[in-house]
Amino acid sequence: LAAWEAERVEQIQAGVMIMGKYTGLTAAEVAATDVAYLFWMAGEVEASGKLGICAKIAADYIAANDVQRPGYVGEVDKPIELTLTLNKAFWTQSQYPTLMHVCTTANGEEVVFYSVAQGFKEIEIGQQFTITGTVKEQREGWGGGKQTIINKPKLPKAAKVKKAP
């Protein structure tokens, strides 16, 4: 038990997340791939236990490195072309079952779109791809982050989906 506690203290001192979606990664590694999550985690500073410790790690990293909260992409009602990385995809139920895609740009902005097109069903988590569409809405997403909603998403005809590094 003493060895485990010593290892845990070393991890905390090194800025390693000890719980959550990115357990085992440093705050810097999280910021490189999902800065919105880092801001969400930093907002949990009132929590106790492991969540509170991770929140402090995230908040300290953001303050020490002047990390900026991601913003919106594009302008509402304007066409856009984006290169995205798929973070999550899941089925939602409204009038018809639809696949919701939650993605990020290289700068960490969160982009969401809905589609049942076959090409979008084949994209795997972590893959990078390019889409075109129209910015439908810019809103506050879960956890207070900014979220851009894309309407009428399409994969370019010659689009190649490639795995993220």
Same cluster or not: are Leu38 and Leu25 linked, directly or through other Ile, Leu, Val, Met, Phe, Trp or Tyr residues, by side-chain heavy atoms under 4.5 angstrom apart?
yes
Check Val35 against Gln68 and note the closest heavy-atom contact, atom names and distance.
CG2-O, 4.3 Å
Partners meeting side chain to side chain donor-acceptor pair (under 3.5 Å) with Asn107 (sequence neighbours left out)
none
Quick one: does any side-chain atom of Glu122 pair with a main-chain N or O of Gly119 as donor and acceptor, under 3.5 Å?
no
Who else is in Val9's hydrophobic cluster (ILVMFWY, side-chain heavy atoms under 4.5 Å, direct or via others)?
none
For the hydrophobic clusters of this structure (ILVMFWY residues joined by side-chain heavy atoms under 4.5 Å, transitively), does one cluster hold both Ile125 and Val102?
no
Sequence neighbours left out, what passes salt bridge (Lys or Arg N to Asp or Glu O under 4.0 Å) with Lys21? Give chain and number order.
Asp34
Donor-acceptor contacts, no H, no angles, side chain residues 42-63, under 3.5 Å, sequence neighbours left out:
residue	atom	partner	partner atom	Å
Lys56	NZ	Asp60	OD1	3.4
Lys56	NZ	Asp60	OD2	2.8

CA sep, side-chain torsions, deciding dist, call: Thr148, Val135, side chain to side chain contact (heavy atoms under 4.5 Å, CB included):
CA-CA 7 Å; Thr148 301; Val135 176; 3.8 Å; yes
Could you verify whether a donor N or O on one side chain and an acceptor N or O on the other, from Thr83 and Thr130, lie under 3.5 Å apart?
yes
Side-chain touch Leu82/Ile150, heavy atoms, less than 4.5 angstrom
yes
I need the full list of salt bridge (Lys or Arg N to Asp or Glu O under 4.0 Å) pairs touching residues 71-86, with sequence neighbours left out, sorted by first then second residue.
none
Atom NZ of Lys121 and atom OG of Ser115: how far apart are they, to the nearest 0.5 Å?
8.5 Å
Minimum-distance pair of heavy atoms, taken over all atoms of Pro153 and Ile131:
CB-CD1, 4.3 Å
The reported gap from NZ in Lys154 to OG1 in Thr134 (rounded to nearest 0.5 angstrom) is 8.0 Å
Steps toward side chain to side chain contact (heavy atoms under 4.5 Å, CB included) verdict (Tyr114, Leu99)
CA-CA 6 Å; Tyr114 301 84; Leu99 196 56; over 6 Å; no
Listing, residues 10-19 side-chain donor-acceptor contacts under 3.5 Å, not counting sequence neighbours, or none:
residue	atom	partner	partner atom	Å
Gln11	OE1	Arg8	NH1	3.4

Return yes if some donor-acceptor pair links the side-chain N/O of Gln138 with the main-chain N/O of Val73 below 3.5 Å, else return no.
yes
Can you list the residues that meet the side chain to side chain donor-acceptor pair (under 3.5 Å) rule with Thr105, with sequence neighbours excluded?
Glu109
Val112 reachable from Val116 in the ILVMFWY side-chain graph, under 4.5 Å edges:
no
Thr26: what forms a side chain to side chain donor-acceptor pair (under 3.5 Å) with it, not counting sequence neighbours?
Glu29
Listed by chain and number, what are the ring-ring contact (aromatic ring centres under 6.0 Å, His included) partners of Tyr22, not counting sequence neighbours?
Tyr37
Aromatic centroids of His101 and Phe120 separated by under 6.0 Å
yes
Hey, what do you get for NZ (Lys136) to CZ (Phe113), rounding to the nearest 0.5 Å?
14.0 Å
Which atom pair, heavy atoms only, marks the closest approach of Phe39 to Val67?
CZ-O, 3.4 Å
Would you mind listing every ring-ring contact (aromatic ring centres under 6.0 Å, His included) that reaches into residues 79-100, with sequence neighbours excluded?
none
Do Leu84 and Gln128 have side-chain heavy atoms sitting under 4.5 Å apart?
no
Where do Leu86 and Cys103 land on the side chain to side chain contact (heavy atoms under 4.5 Å, CB included) test, with the steps shown first?
CA-CA 4 Å; Leu86 182 63; Cys103 309; 3.8 Å; yes
